[in-house]
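Structure first, commentary second.
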Amino acid sequence: MQERNVEIAIIGAGTAGLSAWQAARQYHDEVVLIEGGEPGTTCARVGCMPSKLLIAAAESAHQAGNAAGFGIRVGNVDIDDRAVMARVREERDAFVDSVLDSMRRIEPANLLVGNARFEDANTLRVGNDLRVRARTIVIATGSRPHAPGVFEPAGDRLIDSDAVFEWQTLPESLAVFGAGIVGLELGQALSRLGVRLRLFGKSGSLGPFQDPVIRDYAERIFNQEFYLDPAADVDTIERDGEQVVVTFRERGSDRHLTERFDYLLAATGRRPNLDNLALENAGLALNGEGVPLYNRFTMQCQRADGEASHVFIAGDASQELPLLHEANQQGRIAGHNAGRYPERRAGRRSTALSIAFTDPQMATVGLSRDEARQRFGCDGIAEGGASFEDQGRAVVMRQNRGMMCLYAEHGSGQFLGAELFGPRVEHLAHLLAWALEQKMGVERMLEMPYYHPVLEEGLRSALRDLNRALLQGPEMGERCLEYGPGG
Ligand SMILES: Cc1cc2nc3c(=O)[nH]c(=O)nc-3n(C[C@H](O)[C@H](O)[C@H](O)COP(=O)(O)OP(=O)(O)OC[C@H]3O[C@@H](n4cnc5c(N)ncnc54)[C@H](O)[C@@H]3O)c2cc1C
Ligand SMILES: NC(=O)c1ccc[n+]([C@@H]2O[C@H](COP(=O)([O-])OP(=O)(O)OC[C@H]3O[C@@H](n4cnc5c(N)ncnc54)[C@H](O)[C@@H]3O)[C@@H](O)[C@H]2O)c1
């Protein structure tokens, strides 16, 4: 058995682990990064990047198919699925290579290969032949797809999102389970690429939305394009030959249908990679799901005796907000504090921001309606909104579907949060997140410049409505007279 003593050991060379390494390396030379799986990060290999590549191809097919609405005929849209998937993988590989290139900065001696697990609070076994003793440890082991046992009858026709990006060609049909962001992004993209598809959700939840008004609206809009039941009633899942047979109650009716699919895609959530770490040997306090208790500003874990530990956690492993920018930020905070240990500093946590790259896009910023109500009371918040259906620029682009729900605090007029569903709302969500970071009030947000004709004018309409609900500021005049057509 080889033995090694180091200052800091970081488990997992994903986004969080890499940013932790970069931060920790500023304090010590002996910082090892341990990777037990495939290097290159979940984001680049099987997450953000390949999913957006697939979505980009799907959008292209969709736009070609809808060109007639502008008076442009492109003939039959012929989808070469082999070419689509080849491009997804080719560009995906380039993103992975760019990560691997940047990892070459790490001294080879400090990059350890093998699965790590705790032997005691300061000792890790890496693979079978190496023991690493570290003064501080960062857990950045990410997460993996999780499929409930009820899908087992599907056998090898049960797949997860990782497998989709390895397809050489697309299947004819697919049953997608899970109406979270993964299910919606991949489901809509595959449907637009010609896959016959049904999407079955659970308990009515839909992507990142919490506000029932926008959730119900989005459900209706998606159903104009593909079958989506966020509260599906599924009777049986069986395997017959090379197909999966699903019997379910049809959305909005009492009819029970039986349908055959080539695959069942489980998009039913992700589990943190903590179960292979032998955390019971680490002396940490764990919550009911086996996740270490930690401080979200220092990313420092708590020991079983309640004291602050020398172990830190970051990224999807923390189960807080499984998003790339969060993994990055948490990794940086954990790395700096592991480097400074036993000193520690509170890191800056930015405004909550989540975007689903569906069409229309879905986004949430800051507090949800329920969170705002809990914090300020039902009478303490004002709600406003606007539709994209008559929004000038959205009409011009034939993308006039969607709505926005915005929340602010009564009295102070402070903007609190929003849920957005509409064309390219990724950009509006950023504007709102930046406004929240600046602690802007609704009136001040309305004083910002708005070009014409742009989608931001739709946001201005929602802010005007919110201002009206706050009973603040001047009475707003008629929109068209005040701002021009579609403004
Ligand atoms: C389909 C999909 C699409 C997504 N799209 C987006 C998006 O558009 N925008 C966005 O913000 N987020 C998106 N995400 C989420 C984002 O990809 C993750 O939040 C992020 O990649 C998590 O980074 P991480 O460092 O925590 O984990 P990872 O990148 O998974 O890194 C963890 C590493 O730890 C290693 N490891 C695990 N256990 C051990 C062990 N015991 N010993 C050694 N090594 C170990 C793993 O092999 C892995 O390399 C998407 C996710 C998916 C699945
Ligand atoms: N654009 C992005 O930023 C992006 C894209 C993809 C993933 N992600 C991240 O990855 C995380 C994981 O995404 P996800 O969609 O896999 O998980 P999720 O937890 O967000 O959604 C899983 C969904 O599956 C449903 N579900 C659970 N069991 C089910 C069952 N038996 N039948 C039907 N539905 C069932 C749940 O109700 C939930 O709606 C997300 O939370 C998100 O943070 C982000």
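By convention here, the first residue in the shown sequence is residue 1. Note that the structure is a prediction, hence the values are computed from the model and not measured. In each ligand, atom 1 is the first atom listed, and ligand 1 is the first ligand listed. Worth knowing before you read on, the calculation uses all heavy atoms, side chains too, and leaves out hydrogens, waters and symmetry mates.
Of all atoms in ligand 2, listed by their number and element, those nearer than 4.0 Å to a heavy atom of Phe200 are 33 (C), 34 (N). Against a heavy-atom cut-off of under 4.0 Å, Val182 is close to the following atoms of ligand 2: 6 (C), 7 (C), 13 (O), 14 (P), 15 (O), 16 (O). Those atoms of ligand 2 with a heavy atom of Gly178 less than 4.0 angstrom away are 24 (O), 25 (C), 33 (C), 34 (N). For ligand 2 and Phe357, the ligand atoms under 4.0 Å from any heavy atom of the residue are 1 (N). Annotation for ligand 2: atoms under 4.0 Å from non-hydrogen atoms of Lys52 are 1 (N). Residue-ligand proximity, Ile355 to ligand 2, at heavy-atom distances under 4.0 Å covers atoms 1 (N), 2 (C), 3 (O). Remark: ligand 2 atoms within the under-4.0 Å shell around heavy atoms of Pro148 are 31 (N).
Ring orientation note: the planes of Tyr263 and Trp167 are tilted relative to one another, at an angle of 30° to 60°. By the 30° and 60° cut-offs, the orientation of the rings of Phe151 relative to Phe177 is tilted.
Ligand 1 is approached by Arg270 to a heavy-atom distance shorter than 4.0 Å. Not a single heavy atom of Ser354 sits closer than 4.0 Å to an atom of ligand 1. Contact annotation: Ser354 has no heavy atom less than 4.0 Å from any atom of ligand 2. Under a 4.0 angstrom heavy-atom cut-off, Gln330 registers as lying outside contact with ligand 1. Heavy-atom distances between Ile181 and ligand 1 stay at or above 4.0 Å for every pair.
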Item checked: Intermediate values then yes/no, ring-ring contact (aromatic ring centres under 6.0 Å, His included), Phe312 and Tyr294 -> CA-CA 8 Å; Phe312 298 81; Tyr294 67 94; over 10 Å; no
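The side-chain contact (heavy atoms from CB on, under 4.5 Å) search around Gln224 returns Ile221, Arg401, not counting sequence neighbours. For the side-chain hydrogen bond (donor to acceptor under 3.5 Å, both in side chains) test, no residue two or more places apart in sequence or in another chain qualifies with His325.
Closest to atom 17 (O) of ligand 2 among all protein heavy atoms lies Gly269 CA, 3.2 Å. With respect to atom 32 (N) of ligand 2, the closest heavy atom belonging to the protein is Phe177 CD2, 3.8 Å. In this structure, the protein non-hydrogen atom closest to atom 9 (N) of ligand 1 is Cys48 SG, 3.9 Å.
For the residues Thr42, Asp275, Val164, Val46, the heavy atom positioned nearest atom 1 (C) of ligand 1 is part of Val46. Closest to atom 42 (N) of ligand 1 by heavy atom, among Ala116, Pro39, Ala13, is Ala116. One option in Ser205, Ala147, Ser203 has a heavy atom closer to atom 38 (C) of ligand 2 than any other, and that option is Ser205. Of the listed options Gly47, Pro322, Gly331, Pro322 places a heavy atom closest to atom 15 (C) of ligand 1.
At a 4.0 Å heavy-atom cut-off, ligand 2 touches Ala267 through the backbone alone.
Remark: aromatic rings of Phe421 and Phe222 are close, center separation under 6.0 Å.
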